[in-house]
> 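Quick one: structure below, then a few questions.
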Amino acid sequence: MSLAKIFDQYPDRRYIMFGGKGGLGKTTFSAATSYYLAKKGKKVLVFSVDPQASLTDIFQRDIFGKGPTEIIPNLYAQEIDADHRVKEYQQEIRQKILDMYGMEQIPEEIESYIQAAAAEPAMEESAIFDEVVDIVVKGGFDYYVYDLVPLGHALYYLSMASVYDAWIGKITGLRQQMREYDQVAAVIQREKELDEDAILNELLYIKDRINKSSGILTDKAKTAFFFVVTAEEMVIKDTVKAAELFAKFDVPLSGYIINRVIPSELKEQSIPEYLKNRILMQEHYLGVIEKEFQGQILASVPEMQRDVTGLDMIDKMARAMFGDF
Ligand SMILES: Nc1ncnc2c1ncn2[C@@H]1O[C@H](COP(=O)(O)OP(=O)(O)O)[C@@H](O)[C@H]1O
Ligand SMILES: [Mg+2]
């Protein structure tokens, strides 16, 4: 089975993800796959859920926080501005407090709490997740390619149950906060009860959104998840572990792509001992990969002469992954 065939054979798998440790080539493969699909006439959105996003670098276009930006016909790229979203959350919370208590201004201690909460990593992740849900629920593209964060974090997005819990925590936390504040500032309109209905409605709304997006992520018919590996011991070990974990979360795995393979023909040429050793080591670990992921390897991509940035290199990479098109 090849990568191109998988896409041909499963046209309903419209949510595409590449998983793997940092630096293995997830962003590169996301960009090249999107490019390939766009060239085949599909309307594609590749978006980054990585706070250290690098779609801007690979496409050599400043797209950060600008929404879906057209790169070539049919190919749109988006980098999520999590900070902006967190600021919106903060404003939302301030507004809620002002409305509920009929205040003119947020008291200092509450403001410092709001500031502290925004600095928590969970807040950023939740903001990114929220934006992803927006993107997916909104629709309008044939394919969605997720430029994922490294493995551990990717699990966060994929195990939606925990995300849902985080959301409930956020809302009940807000409720708790209100109550505490109520006690502290007894002077202020005590009779104004929390609008329980509004909170419940918000909770149900969020639940519905999460069900929609997690339904997509764990749906074998709609999702293709690929692991990126390289011929190195630690990477292989981590990947095996991660695959087991993903199986537990019922994330459907489509297969493995080997990246950065040094062409073994080089061996026949007069090359330094150093490079010869690298190739020998690689051959060993390619054997291990073959054994571990038997029958699930979809492509083997060579180490290129230079890093992959700009459309010319992306085109080269797409051809290395999918063959000529
Ligand atoms: N096959 C390859 N040949 C040469 N450079 C590569 C190759 N694959 C990835 N790279 C480079 O490696 C670096 C890390 O790749 P990237 O896709 O950003 O990894 P990740 O998103 O998994 O962290 C980038 O500079 C990229 O251009
Ligand atoms: Mg990346």
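Atoms considered below: every heavy atom in the structure, side chains included; atoms not considered: hydrogens, waters and symmetry mates. These numbers come from a predicted model, not from an experiment. One-based numbering, in listed order, for ligands and for the atoms of each.
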> Keeping the roles fixed (side chain from Asn259, backbone from Leu24), state whether a donor-acceptor pair exists under 3.5 Å.
yes
> Should Met304 be counted as touching ligand 1, given the test is an N or O pair under 3.5 Å?
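Between Met304 and ligand 1, an N or O pair is found under 3.5 Å apart.
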> Within a distance under 4.0 Å of any heavy atom of Glu303, pick out the atoms of ligand 1 and give their elements.
3 (N), 4 (C)
> Under a 4.0 Å heavy-atom limit, does Pro302 contact ligand 1 with its side chain, its backbone, both, or neither?
backbone
> For ligand 1, which atoms have a heavy atom of Lys21 less than 4.0 angstrom away?
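Contacts of ligand 1 toward Lys21, numbered from 1: 22 (O).
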> If I compare all heavy atoms of Ser112 with all of Glu109, which pair ends up nearest, and what's the gap?
OG-O, 2.9 Å
> Can you classify the ring geometry of Phe322 versus Phe7 as parallel (below 30°), tilted (30 to 60°) or perpendicular (above 60°)?
perpendicular
> In ligand 1, which numbered atoms sit nearer than 4.0 Å to a non-hydrogen atom of Gly22?
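Taking each heavy atom of Gly22 in turn, ligand 1 has 23 (O) under 4.0 Å.
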> May I ask you to decide if Thr56's main-chain N or O and Glu79's side chain share a donor-acceptor pair within less than 3.5 Å?
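Yes; at least one donor-acceptor contact below 3.5 Å.
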> Please answer whether the main-chain N or O of Val228 pairs with a side-chain N or O of Lys26 as donor and acceptor at a distance below 3.5 Å.
no
> So Phe18 and Thr28, do their side chains get closer than 4.5 Å, heavy atoms only?
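In short, these two side chains do not touch, never coming nearer than 4.5 Å.
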> Below 4.0 angstrom from a heavy atom of Arg306, which ligand 1 atoms are there? Numbered from 1 as shown, please.
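With Arg306 as reference, the close atoms of ligand 1 come out as 4 (C), 5 (N).
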> Under a 4.5 Å cut-off applied to non-hydrogen side-chain atoms, are Gln78 and Ile63 in contact?
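No, every pair of side-chain atoms sits at 4.5 Å or beyond.
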> Quick one: which of Thr230, Asn259, Asp307, Thr27 has a heavy atom closest to atom 7 (C) of ligand 1?
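Residue with the shortest heavy-atom distance to the ligand atom: Asn259.
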> Distance under 4.0 Å to a non-hydrogen atom of Lys26: what atoms of ligand 1 satisfy this?
17 (O), 19 (O), 20 (P), 21 (O), 22 (O), 23 (O)
> Looking at ligand 1, does Gln305 have a heavy atom less than 4.0 Å from it?
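So Gln305 does not count as touching ligand 1.
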> What do we get for Met317 next to ligand 1 when only non-hydrogen atoms under 4.0 Å count, side chain, backbone, both or neither?
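Under 4.0 Å from ligand 1, Met317 contributes side-chain atoms alone.
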> Is Ser48 close enough to the Mg ion (ligand 2) to have an N, O or S atom under 2.8 Å?
no
> What atoms of ligand 1 come closer than 4.0 angstrom to any heavy atom of Thr28?
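Those qualifying, in numeric order: 9 (C), 15 (O), 16 (P), 17 (O), 26 (C).
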> Please tell me if the side chains of Glu290 and Leu286 come closer than 4.5 Å, counting only heavy atoms from C-beta onward.
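No, their side chains stay 4.5 Å or more apart.
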